[in-house]
Amino acid sequence: MERTFIMVKPDGVERRLAGEIIRRFETRGFNLVGLKLVQPDRALAEEHYAVHRERPFFGELVDFITSGPVVAMVWEANEAIKLGRSMIGALKPWEGVPGTIRGDYTTEVQTNLVHGSDAPETAEAEIALWFKPTELL
Ligand code: IDP
Ligand code: MG
């Protein structure tokens, strides 16, 4: 079994889509290992998106992620990381396939509802960044 970090971004909470996003992971068959509502501060958001620090949209991205509460989660399944990414869908809205979370509910590149870890190393780092070991099953 593999673990992945999934986060409903502030736009997802604001749009009342947290339940729908959780439901998709539940009904797909993932096991819920950790879940909490968090108001991220800038330090947490900057660390989470550290790989994008040099990108022109970095400041705007940190503003967005700290603009409201997020639902931070850890889900477990076989190939959870790849499976989670396929359920989330593409970054570019015009590549977003219907049936994916982004493909069903978003038109924007930034306000795209959900984050999912993209590799085993990032999953491990993100889980450790957002959760204490005692907060996980
Ligand atoms: P991902 O979320 O599909 O892994 P990344 O390229 O890692 O996509 O980008 C991280 C996040 O940064 C995206 O989910 C999106 O919210 C934001 N983002 C990515 N590219 C842009 C951009 O060109 N303009 C504004 N925001 C962006
Ligand atoms: Mg990414």
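These figures come from a predicted structure and were not determined experimentally.
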Are [X] and [Y] in one and the same hydrophobic cluster, where Ile, Leu, Val, Met, Phe, Trp and Tyr link if side-chain heavy atoms are under 4.5 Å apart?
X	Y	value
Trp130	Leu136	yes
Trp75	Ile127	no
Ile22	Ile101	yes
Leu17	Phe25	yes
Leu44	Ile6	no

Pairwise distance CG(Asp11) to CG(Leu113) - rounded to 0.5 angstrom: 4.5 Å

Gap between atom OG1 of Thr107 and atom CG of Asn112 - 0.5 Å precision: 10.5 Å

Would you say the side-chain atoms of [X] pair up with the backbone N or O of [Y], donor to acceptor, closer than 3.5 Å?
X	Y	result
Asp104	Pro98	no
Arg53	Phe58	no
Arg3	Ala80	no
Arg85	Gly116	yes
Ser117	Phe5	yes
Thr111	Glu108	no
Lys36	Val70	no
Glu135	Lys132	yes
Glu2	Ile81	yes

Using side-chain heavy atoms (C-beta onward) and a distance below 4.5 Å, is [X] in contact with [Y]?
X	Y	answer
His115	Tyr49	yes
Val114	Met7	no
Val33	Met73	no
Pro10	Ile65	yes
Val109	Lys92	no
His48	Leu129	yes
Phe30	Leu83	yes

Phe64 six-ring face occupied by Lys9 cation (under 6.0 Å, within 45°): no

For [X] against [Y], the heavy-atom pair lying closest together:
X	Y	value
Val8	Val13	CG1-N, 3.8 Å
Pro40	Gly68	CD-O, 3.7 Å
Asn31	Met1	ND2-CE, 3.2 Å

Asp118/Lys82 ion pair, N-O < 4.0 Å: no

Check ion pair Glu20-Arg23 (N to O, under 4.0 angstrom): yes

Glu95 atom CD, over 12 foreign heavy atoms within 6.0 Å: yes

Heavy atoms of other groups near Glu76 CD, more than 12 under 6.0 Å: yes

Residue pair Ile88, Thr100: steps toward the side chain to side chain contact (heavy atoms under 4.5 Å, CB included) verdict: CA-CA 5 Å; Ile88 288 168; Thr100 64; over 6 Å; no

